[in-house]
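In what follows, a single structure is set out as C-alpha cells and then discussed.
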Protein chains: 2
Amino acid sequence: MPETLEETLRKTVRAATISEVAALAGVSTGTASKALNGRGSLRPETRLRVQQAAEQLGFVVNGAARSLQTGRTYTVGMITTDSIGRFSIPLMIGAEDALGAGQVSVLLCDARDDPIREKYYLRTLLSRKVDGIIVTGRRNQARTPIATDLPVPVVYAFISSSDPRDCSVVPDESDGARKAVRHLLAIGRRRIAHITGPEHHHSAQVRAAAAIEALGAEGLRPATDTMYGEWSEAWGRQAVGMLLSTGADVDAVFCGSDQIARGVAEALREADRDVPRDVALVGFDNWDVMVEGCRPQLTSIDMDLEGIGRSAAELLLAAINGEPVQGQRAQLCRLVPRASTAVLAES
Amino acid sequence: MPETLEETLRKTVRAATISEVAALAGVSTGTASKALNGRGSLRPETRLRVQQAAEQLGFVVNGAARSLQTGRTYTVGMITTDSIGRFSIPLMIGAEDALGAGQVSVLLCDARDDPIREKYYLRTLLSRKVDGIIVTGRRNQARTPIATDLPVPVVYAFISSSDPRDCSVVPDESDGARKAVRHLLAIGRRRIAHITGPEHHHSAQVRAAAAIEALGAEGLRPATDTMYGEWSEAWGRQAVGMLLSTGADVDAVFCGSDQIARGVAEALREADRDVPRDVALVGFDNWDVMVEGCRPQLTSIDMDLEGIGRSAAELLLAAINGEPVQGQRAQLCRLVPRASTAVLAES
DNA sequence: AGCGTCAAGGCAATCGTTTGCCGAACGTTT
DNA sequence: AAACGTTCGGCAAACGATTGCCTTGACGCT
C-alpha cells in the first residue's frame, strides 16, 4: 500500500529521547547522559554501549531540554540594523565562522533600520535566551546602544556603540586611507586628488582627514580640495569631468569607494588618460565585482569585514565565558594592489 | 563605590520567571501562564493584574521551557549550500520577512558547499528542534535531497531538489528569457543575439533555449548562434568584439546576466554604437549595482528572489501546520525596463 | 574477619512552562 | 432549601536532559 502524501512529506520519525537510548543500552537515563557527554565515571564498555544505542536510534539531544537545565543555549543573536546588505554579509560570514567552530548557532534578525522591529527582535532574542548578541549594520555615526542592563553580553561589529564602554569592533578607516596614500606615494605619485562620498558622511570625513594627514606627513598637500559627492559611479565620472575641465594637474586619485573609483576609471579612459600611466587609482572596499570589472583592475583598500565579524564573535564568546572586554577595537585595513597602481616597466 | 568592570558589562539582571510574576500578581503559575497567553477562563481584572506584574518585572518567557512543553520552537533553519552570496541574501530577506511576521526566527547555516558541514548543520538544526528547514544555494542543477525521512518539513528555495516530490520554489527562467525577447520584439528589434554564460551551466541552457523558442514563435531566428562564455563583464566585452569583427548585423542583444550586459554596453560604446539606438540591450538578474552603473541604465529581468524566499517560507509554514505541499513551484520573472531599451522619439 | 577505598552507575531533584482536570464559590432555578 | 450551572483559578503532571549525591559491590589491606 503506497504511502499517503501526508506520510511522504512528514515522516513522523519522532526523535528518540535519551531514556529510549538508556533503555536500549540497559542503563539509567542519568548514566546515558554521562556516557554521551563524557562525564561521570563509567566503564569504557558501558560508554560504548550507550553510544552505539544512540547511534542506532539516531538520537539527537533535545536542545530545549538541555538549555532549560544548563541555562546555556549555544545560540547568539545577530541583529543587523540596516537591511542585510553588502557589508553585513561578510560580517555575518566571519561571525558565523568563528561561532560555528565553537558549535554556536546564529539567529539572524534583520531590523531594517526600524527601532520598533529592533526592540521586537531584541525581545525575542532574550526570550530565546541567547547567550549573547552581535549588533551590526550600515556604518555611519556611532549608534545608540541597543539597550542597557541586558542579561547577556553584546558586541557591536562594524558600527560602534555611542557608549564607549560597550564593546565594539570597527575598521580603522584612517589606517586604510593612510595606506592608500602611502602606496600612491611609494609608486612615485605626488599630485594626489581625493574623490569621495557625501561630506556629512562619517566615513567620508574620516578617510579624507587621514588622507590629508598622510600627505602632510610627507610635506605634501592634496592636488585639489577633497571632492565630496555621492557613493556612486556617476559621481566618479562627473568628478573627473570637473577635474579635467579645471585643468588640474593630477597623477593619482584616491577614491572613497570602489564605485566612485570605477566611475573615475571610465571617465579617464574616455578622456584618453591612461590608468595607471597618467593617473594611478586606488579605491576603497575591495568589492570584488567592482575591482574586477574595472579596467584596469582596481587597487583597493580592504577593511577585512570577515575579520571584523570573526573578532566580534570571539570577543562575544570571551564575554560569555566571563571575560568581558570593554571599549573599541579598531581593525587595520589591508591594501590590495592591482593593475590600477602598477609600476610600469621603463621602455 | 564604582561598579567593577565585570558588573558593568554583565548586569546579571537574572530574568524573572513566571512564578515570580505569579507571586507578584497573587495567583498560581498556571493561572499566570493562562493570563499571559490569553487562554483559560479568567476574570479580565486578574488577567490585567498578571500582565502588569509581568510588565513590572520585565518578564520574558523562557523559550526553552516553552518549547520543551509544547514541542514547537518557532524557529526554522536556513541552510545555504554555497557561501552566503548575492543570491542567497534576497532569498533570506524574503524568508525572514514571511517568517518574522509569523513570529518565527531563522537559524542561519552556511554550509560552504561542503557536504560534511551540511550534515553537521543538519544535525544541530535537528537537535535544536527547528520546526522546519529551508535549503537554498547557488543555482545549478537540481541538488540531491539534503536527507530523507526527516522529522520536520523541508522546502528548497531557488535551487530545487532532485526528488520531484520534494517541495521546491524556483524562478521560471524560461519565462524571464521569453519576456526579454518579447520586449525586444515589441520595441521593433528583429536581429537579436544572445550572449550568455558557460554552455554547461543549467541556467545558460534554459535561458538560451527559451530565447530561441520565443523568437521562433514569431518566425524569427537568432541573429547569431548563442554565444556561450562566462558570467563576466570581460566576456561581454570580448563577445562584442567577436560580433563586430564578423560584421554581424545585430540590433539587439539579450544577455544571460547583468555583468555580461554591462561588458557589452561598454564595448558597444567604445565601438561607437549607440545603446539603445543602434543596439538595444537586456540583462538578467536586475542586480542594482550593475543595472544602475551601466550606461545607459540597463533593462533587466528580475527573478524576484525575495518573492521566492517569501513563497518558500510560506510553504514551509503551511507544511509545519500540517498542510504539506509537494513538487516544484516556478515563480514568474519580471521585466524591468530602463534606458537600454528605450524607444527613441522620432526626430 | 573486618574495615576502608574506589569505581560504576542508579536515583531523583531540577530547570520554567503549559494544560487538563478538579474544586470552590457564587448565583440561579424550582 | 436543595440542586444545579458557571466562572474562576489552583494543582500537579508532564516535557527531556543534567548532575550531585548515594548505593552497591569488588577489592585490598591489616
Check your understanding: So what does A:Thr46 touch, heavy atoms closer than 4.0 Å: a base, only the sugar-phosphate, or nothing?
Key ->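 Sugar-phosphate, no base atom in range.
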Check your understanding: NA contact type, A:Thr17, heavy-atom cut-off 4.0 Å: base, sugar-phosphate, or nothing?
Key ->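 If one applies the 4.0 Å heavy-atom cut-off, A:Thr17 turns out to touch the sugar-phosphate alone, with no base involved.
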Closest approach to the side chain of [X], judged atom by atom: which nucleotide of [options] is it?
{"X": "A:Arg66", "options": "D:dG16, C:dG16, D:dT18", "value": "D:dT18"}
{"X": "A:Ser41", "options": "D:dT19, C:dA7, D:dA17", "value": "C:dA7"}
{"X": "B:Val27", "options": "D:dA17, D:dG10, D:dT19", "value": "D:dG10"}
{"X": "B:Leu68", "options": "D:dC15, C:dT17, D:dG9", "value": "D:dC15"}
{"X": "A:Thr29", "options": "C:dG10, D:dT18, D:dG10", "value": "D:dT18"}
{"X": "B:Lys34", "options": "C:dC11, D:dC11, D:dT18", "value": "D:dC11"}

Point to revise | Nearest-nucleotide comparison on DNA chain C, the residue closer to the 5′ end among A:Gln69 and A:Thr31 | key: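 The answer here is A:Thr31.
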Could you state the [atom1]-[atom2] distance from [X] to [N], rounded to the nearest angstrom?
{"X": "B:Arg72", "N": "C:dT19", "atom1": "CZ", "atom2": "C1'", "value": "17 Å"}
{"X": "B:Leu48", "N": "D:dG9", "atom1": "CG", "atom2": "P", "value": "12 Å"}
{"X": "B:Ile18", "N": "D:dC15", "atom1": "CD1", "atom2": "P", "value": "20 Å"}
{"X": "B:Leu42", "N": "D:dC8", "atom1": "CG", "atom2": "P", "value": "8 Å"}
{"X": "A:Glu20", "N": "D:dG16", "atom1": "CD", "atom2": "P", "value": "8 Å"}
{"X": "B:Asn62", "N": "C:dT14", "atom1": "CG", "atom2": "C1'", "value": "13 Å"}
{"X": "A:Leu36", "N": "D:dA17", "atom1": "CG", "atom2": "P", "value": "10 Å"}
{"X": "A:Arg49", "N": "C:dA8", "atom1": "CZ", "atom2": "C1'", "value": "11 Å"}

Point to revise | Check: A:Ser311/A:Gln331 side-chain N/O donor and acceptor closer than 3.5 Å | key: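 Indeed, the side chains of A:Ser311 and A:Gln331 share at least one donor-acceptor pair under 3.5 Å.
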Review point. For the atom pair OG1 (B:Thr124) and CG (B:Leu107), what is the distance rounded to the nearest 0.5 Å?
Key: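 The distance works out to 7.5 Å.
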Exercise for review: Using only side-chain N and O atoms of B:Arg39, determine if any of them is under 4.0 Å from OP1 or OP2 of C:dT18.
Suggested key: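 B:Arg39 to C:dT18 OP1/OP2: no side-chain N or O under 4.0 Å.
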Point to revise | Distance below 4.0 Å between A:Asn37 side-chain N/O and D:dT18 OP1 or OP2 | key: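 Checking D:dT18 against A:Asn37, a side-chain N or O does come within under 4.0 Å of OP1 or OP2.
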Review point. Between A:Asp97 and B:Arg112, is there a salt bridge with N-O shorter than 4.0 Å?
Key: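 Answer for the salt bridge query: yes.
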Check your understanding: Do we get B:Arg117 above B:Tyr121's six-membered ring, with its NZ or CZ under 6.0 Å from the centre and within 45° of the axis?
Key ->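 Checked: cation-pi criterion not met.
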**Study point:** Side-chain donor/acceptor of A:Lys119 to backbone N/O of A:Ile146, under 3.5 Å
**Key:**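 Yes; judged by distance alone, with no hydrogens or angles, the pair exists.
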Exercise for review: Map B:Thr70 and B:Arg47 onto DNA chain D by nearest heavy atom, then report which one ends up closer to the 5' terminus.
Suggested key: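 The residue closer to the strand's 5' end, by nearest nucleotide, is B:Arg47.
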